[in-house]
J.: 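After the structure tokens below, expect a handful of questions from me.
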Amino acid sequence: MSKARNNIINRLRTTKPEPCHFSERDHLSRFNWDKEERINRFVERMVAVRAEIIHASKDDWAEKIAEICQEKRLKNMLVSPETAQGKVLYNMVDQLPDLQSYDHEIEDWKSEMFNQTDAGFTTTLGGIAETGSLILWPTKHEPRLMSLVPPVHIALLDTNQLYTTFSEVVKEQGWVDKGMPTNALLVSGPSKSADIEQTLAYGVHGPKELVVVLIS
Amino acid sequence: MAKLSDFRVRVEDALANEEVRGNFRKAMDGLMSRRLDQFPDEAELERLRTQAMAIRSNSLDNLPDLLEKLETNLTKNGIQVHWAETVEEANQHVLAIMNKHNAKSMIKGKSMVSEEMGLNHFMEELGIECLESDLGEFIIQLDGEMPSHIIMPAIHKNKRQIAKLFQEKFPDIPYTEDVDELTQTARKILREKFFNAPVGLSGVNFAVAETGTLCLVENEGNGRMSTTVPPVHIAVTGIEKVVEKLSDVPPLMSILTRSATAQPITTYVNMISSPRKEGEMDGPKEVHLVLLDNGRSNIYSDPELLATLRCIRCGACINHCPVYVRVGGHSYGTVYPGPIGTVLEPQKDGLKAHGELAQASSLCGACGEVCPVRIPLPSLINRLRYEGVRQDQSSTKDSGSRRKTAEALTWKGWSFAAQHPLIYNTGASAAASFRKLMPSKMGAWTRVRTAPPIAAKTLHQQLKAKGIDNE
Amino acid sequence: MTTLLQPDSVYFYGTCLIDSVYPNAGVSAVELLQRAGIRVIYPQAQTCCGQPAWNSGYRDEAREVARKQIALFPKDIPIVVPSGSCGGMMKHHYPELFKGEPDEAMALQVAGRIYEFTEFLVDVLEIKLAGKGVKTDVAIHTSCSARREMGVADKIEQLVGQLENITVHEQHHKKECCGFGGTFAIKEPEISASMVTDKADAIRETGASVMITQDCGCMMNISGAFEYENQHHALRMPQSKHIAEFLLERSEVLCTKYDINVPETSDTTEDATHG
């Protein structure tokens, strides 16, 4: 154990602050939002930060994605062939831009990722209505940079997985018991900054565009 | 006339700079009104503030235990923990990691603790390049400046000033004042840097003991880039940033972003619990956390000043400070400006260095009113004034060092008179003592105001004449 | 805490600034209380609440002065202070100042009986007023201590709001400090000057002919700036009035919750009684 560590811990241990037991610590903002309300709130928030929302059904979401790709003239898109949703897309390659799989370590193809990749498609673990957020736990099939480096991020969200608050997500999805992944993310819109004169500019370092395909 | 202190000189310069003052006023007015919109229900806001205070108080009540737990869980997750008592030690930890990887540069996400460490300067002396990637930090680094605000580091500049700076630094790119175009210029330059950087460095907003998780909030994506693309990620943070449970994060984060930039949430909430695992395709292969004390454990020893450590660095106190909005962040001459800087800096670096800041407050209370974790900032400022002039021993660094004999005598004289009504009523009265207190400085009062009119007959005399009962 | 069942008498703590600079504010407050049927006791041995020293870090010096003050109010009756700042000192900081001291109990006892003047009129007396005099445009400046420490910003608004011939105009950055801050104005004169100049401008811009406030510190600061700018730049100079002076000049007491000995009023209208 380092000397610094022991000194710091020992110094802290010589003080015993008066314990304050606040019951307010567990206060939860409660909203009685039904599913429709949650969808409305989510959409409202997302649109407010310039995310695009595409409503779809369980049957036509893939076609909707094909339309988005055409509209945005995407030449290629990262899609995992391992996820159920990815498989659907790989089954309709003729309607889609060149689908690419992120199946080797970034060091091997960093330049293509940074310079030649138009879009990344990812699934999500759900969404949060209060803040308009997507929940992402990147995996080896859908790695971290898929939703960050390409200029367009297309994400699929099942409205059955739309929670009210982040607190609710942590609890109901059992994050602590499950164990945290290497990286867990909440994504609430495309990358932006207000560092120049408080003026919003989009696409600073992350995606310039975020498209959320909402499956009802 | 006594020589003005460095602080007063900077203040005079700042007050004379209409353009910069205008930049601050405009920005702070916007931030204040937008924050208010985020909390439409006042009663709920008060509950949330109490909750956030409770979470942070719990962290501090159990700080040593939680730090040990954090270390245990981070280590279990494969994140390497380094402890630093001083900024020098923290810099050495970072340097050792850099050297181990033979790294000559790093890309940085926003980190106030790295500013506290003077990391960029330290590394540059050794020929190691530290490039700021947060847009605001990038801008001020180009201009060789320090952040003027802890959340919006380039808030003192307007877009015209930034456009001129870009023109000067990147002559090949056509001049523009268009914010989108300026932003895209920065994107292009920094993308390449992210691509090549061997090491990424970031701060931490909350470190969760229960799960060994580092939480970072940001809007631009540079934080995610810095913590994902380079093969090595170094996070630096103060020892007070730990929270006990993962369930502490959502409420704290929510009040943080709403108080700071009036956002219900930032674009990205980045929760890091381990380096790249076997089979994963990206993410750093090494993650380090440097835990910095730098005076915090000393602040911890005082039951009242301890509240300083509850701070979650939202900057709301700064945004609402009538002094800050006029003098700007650079006048403070410290890493953390505004009310939180006024409270933190003299404790961290000593009253000799920064004790004067405690005077630069009208104690109006606007800061304490908005603090999301209910730090009683005005009371702490008052306390530091006391620490500056007290004569007995205390744990605050350089306590008593600001005591001046003449001033102390004036207060002793005032106190004696005010304890003896007969003396007091024959001339030692308020306005008289107000003038006597600083006779040479009455000039400053009358530079923009007329002198207070002294009444012909005091209230004592008038009420006595009216026959108002004495008891 | 006093029960306040029948506050037929109160202590009046005039404050040092009112004593020497604005005695008329104190005299007006006393007179207004008397018109509301209250017997006023003014302990002649009062000097200063100790705040200047407290805010300068000279706690021992402040405490010794405060110790003399807390001995002045032996009866269990309210202590009315025509200042949010001094009221805040006595109500909120005396308990800190005397923590662990022999006089702690007395300090707490006194603190519990402190009422800022407008707070006393509105919350305790539930005073009803009727306006008199010509139509007037006013701006209200509430001190930071009245607003944030005492939490009584709404009281002055409520009182002025009862007067039907008075129009209140809101200045921009209304809640921002005027830059007085006691010794702050002397220790950091440049910042303070910038603050008071902005405040004076904002109030002048409303077009109000009178600025009303519940704290004489702010009044000394802002009116000093008005007067300076009038003398040097020929800018319009609104009058400055402590709320007690203003109410005494511009209103009649109709009744209070207790309605003890309220004198008959002559020139009030029916409507005003419902205001």
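Here the structure is a predicted model, which is why all the values come from computation and not from measurement.
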J.: Taking the side chain as every heavy atom from C-beta outward, state whether B:Met225 and A:Val149 have any pair of such atoms under 4.5 Å apart.
T.: yes
J.: Please examine the side chains of A:Leu186 and B:Met253, heavy atoms only from C-beta on, and report whether any two atoms are closer than 4.5 Å.
T.: yes
J.: Flag the one option from B:His82, B:Gln161, B:His149, B:Arg191 with the top tally of heavy-atom pairs under 4.5 Å to chain A.
T.: B:Arg191
J.: Any chance you could lay out the side-chain contact (heavy atoms from CB on, under 4.5 Å) test for A:Asn183 and B:Glu280, step after step, and finish with the verdict?
T.: CA-CA 11 Å; A:Asn183 184 217; B:Glu280 290 178 345; over 6 Å; no
J.: Non-hydrogen atoms of chain A under 4.5 Å away: do they reach the side chain of B:Glu220, the backbone, both or neither?
T.: both
J.: Which bit of B:Ala27 comes within less than 4.5 Å of chain A, counting heavy atoms only: side chain, backbone, both or neither?
T.: both
J.: Any side-chain heavy atom of A:Ile196 within less than 4.5 Å of one from B:Thr183?
T.: yes
J.: For B:Leu190, is it the side chain, the backbone, both, or neither that has a heavy atom closer than 4.5 Å to a heavy atom of chain A?
T.: side chain
J.: Pick one of side chain, backbone, both or neither for B:Ser297, based on which atoms fall under 4.5 Å of a heavy atom in chain A.
T.: both
J.: Select, from B:Arg276, B:Lys277, B:Lys157, the one with the greatest count of heavy-atom pairs under 4.5 Å involving chain A.
T.: B:Arg276
J.: Taking the basic N atoms (NZ, or NE/NH1/NH2) and the acidic carboxylate oxygens, is any pair closer than 4.0 Å for B:Glu68 and A:Arg13?
T.: yes
J.: Could you tell me whether the side chain of B:Ser247 reaches within less than 4.5 Å of the side chain of A:Trp175, counting heavy atoms only?
T.: no
J.: Using a cut-off of under 4.5 Å for heavy-atom pairs, which of B:Thr266, B:Leu182, B:Asp180, B:Thr228 has the most such pairs with chain A?
T.: B:Thr228
J.: Any chance the side chains of A:Ser147 and B:Arg224 put a donor and an acceptor closer than 3.5 Å?
T.: yes
J.: Using non-hydrogen atoms only, which part of B:Arg34 is less than 4.5 Å away from chain A: side chain, backbone, both, or neither?
T.: side chain
J.: If you round to the nearest 0.5 Å, how far is CG of B:Asn62 from CG of A:Leu12?
T.: 11.5 Å
J.: Would you say the side chain of B:Asn219 lies within less than 4.5 Å of the side chain of A:Ser193, judging by non-hydrogen atoms?
T.: no
J.: Between B:Leu306 and chain A, with a heavy-atom cut-off of 4.5 Å, which part of the residue counts as in contact: side chain, backbone, both or neither?
T.: side chain
J.: Specify which of A:Thr131, A:Leu185, A:Leu210, A:Asp108 makes the most heavy-atom pairs with chain B at under 4.5 Å.
T.: A:Leu185
J.: Is it true that a side-chain atom of A:His205 and a backbone atom of B:Phe194 form a donor plus acceptor pair closer than 3.5 Å?
T.: no
J.: Taking the side chain as everything from C-beta on, heavy atoms only, tell me whether A:Arg144 gets closer than 4.5 Å to B:Ile272.
T.: yes
J.: Can you tell me how far the CE atom of A:Met180 sits from the CG atom of B:Asn77, to the nearest 0.5 Å?
T.: 9.5 Å
J.: Check step by step if side-chain contact (heavy atoms from CB on, under 4.5 Å) holds for A:Lys3 and B:Glu89.
T.: CA-CA 11 Å; A:Lys3 182 165 154 267; B:Glu89 235 178 303; over 6 Å; no
J.: Which pair of heavy atoms, one from A:Gly206 and one from B:Arg187, lies closest together, and at what distance?
T.: O-NH1, 2.6 Å
J.: How many angstroms lie between atom CG of B:Asn298 and atom OG1 of A:Thr15, to the nearest 0.5 angstrom?
T.: 9.0 Å
J.: Non-hydrogen atoms of chain A under 4.5 Å away: do they reach the side chain of B:Asn23, the backbone, both or neither?
T.: neither
J.: Check whether A:Ser111 gets within reach of chain B through its side chain, its backbone, both or neither, counting any heavy atom under 4.5 Å.
T.: both
J.: In terms of heavy-atom proximity below 4.5 Å to chain B, should A:Pro181 be classed as side chain, backbone, both, or neither?
T.: backbone
J.: Of all heavy-atom pairs between A:Ile9 and B:Pro64, which one has the smallest distance, and what is that distance?
T.: CD1-O, 3.8 Å
J.: Side chain, backbone, both or neither: which part of B:Lys110 has a non-hydrogen atom closer than 4.5 Å to chain A?
T.: neither
J.: Which one of B:Thr50, B:Val217, B:Asp134 has the most heavy-atom pairs closer than 4.5 Å to chain A?
T.: B:Thr50
J.: Heavy-atom distances under 4.5 Å only: say whether B:Ile55 touches chain A with side chain, backbone, both or neither.
T.: both
J.: Tell me, for B:Gln184 versus chain A, whether the close heavy atoms (under 4.5 Å) come from the side chain, the backbone, both or neither.
T.: side chain
J.: Which answer fits A:Ser133, side chain, backbone, both or neither, if we ask what part of it has an atom under 4.5 Å from a heavy atom of chain B?
T.: side chain
J.: How long is the gap from CG on B:Leu135 to CG on A:Asp195, to the nearest 0.5 Å?
T.: 5.0 Å
J.: Under a 4.5 Å heavy-atom cut-off, does chain A meet the side chain of B:Asp248, its backbone, both or neither?
T.: side chain
J.: Return the CG to CG distance between B:Asn222 and A:Leu148, rounded to the nearest 0.5 Å.
T.: 9.5 Å
J.: Below 4.5 Å, heavy atoms only, C-beta onward: do A:Val49 and B:Gln263 meet side chain to side chain?
T.: no
J.: Specify which of A:Ala201, A:Gly132, A:Ser191 makes the most heavy-atom pairs with chain B at under 4.5 Å.
T.: A:Ser191
J.: Measure distances from B:Glu85 to the heavy atoms of chain A and classify the residue's part below 4.5 Å as side chain, backbone, both or neither.
T.: both
J.: With the side chain counted from C-beta on, respond yes when A:Lys110 and B:Phe195 share a heavy-atom pair under 4.5 Å apart, and no when they do not.
T.: yes
J.: For A:Lys35, look at atom NZ and say whether over 12 heavy atoms of other residues, nucleotides or ligands are found less than 6.0 Å away.
T.: yes
J.: Of the backbone (N, CA, C, O) and the side chain (C-beta and beyond), which part of A:Asp103 lies under 4.5 Å from a heavy atom of chain B, both, or neither?
T.: backbone
J.: Would the number of heavy atoms belonging to other residues, nucleotides or ligands and lying under 6.0 Å from CD of B:Glu192 be above 12?
T.: no
J.: Quick check: closest heavy atoms across A:Pro207 and B:Tyr268, and the distance to 0.1 Å?
T.: CD-OH, 3.3 Å
J.: Crowded around A:Lys171 NZ? As in, over 12 foreign heavy atoms under 6.0 Å?
T.: no
J.: Roughly how far, to the nearest 0.5 Å, is CZ of B:Arg160 from CD of A:Glu197?
T.: 10.0 Å
J.: Heavy-atom pairs under 4.5 Å with chain A are the metric here; pick the option from B:Val269, B:Ile151, B:Asn270 that has the most.
T.: B:Val269
J.: A:Gln198 and B:Lys26: side-chain contact (heavy atoms from CB on, under 4.5 Å), yes or no, with the steps?
T.: CA-CA 9 Å; A:Gln198 296 273 288; B:Lys26 188 176 154 217; over 6 Å; no
J.: Heavy-atom pairs under 4.5 Å with chain A - which of B:Glu137, B:Lys159, B:Met152 has more of them than the others?
T.: B:Lys159
J.: Heavy-atom distance under 4.5 Å to chain A: side chain of B:Ile239, backbone, both or neither?
T.: side chain
J.: Do the side chains of B:Asp293 and A:Arg5 get close enough for a salt bridge, i.e. N-O under 4.0 angstrom?
T.: no
J.: In terms of heavy-atom pairs under 4.5 Å, which option from A:Val204, A:Ile106, A:Thr182 contacts chain B the most?
T.: A:Thr182
J.: May I ask you to name which of A:Lys192, A:Lys140, A:Glu107 has the most heavy-atom pairs under 4.5 Å with chain B?
T.: A:Lys192
J.: Let's go through B:Ile265 and A:Arg45 carefully: what are the C-alpha distance in whole Å and the side-chain angles of both, what is the deciding distance for side-chain contact (heavy atoms from CB on, under 4.5 Å) to 0.1 Å, and is it a yes or a no?
T.: CA-CA 10 Å; B:Ile265 194 167; A:Arg45 283 282 182 226; over 6 Å; no
J.: Need one label for B:Thr213: side chain, backbone, both or neither, based on atoms under 4.5 Å from any heavy atom in chain A.
T.: side chain
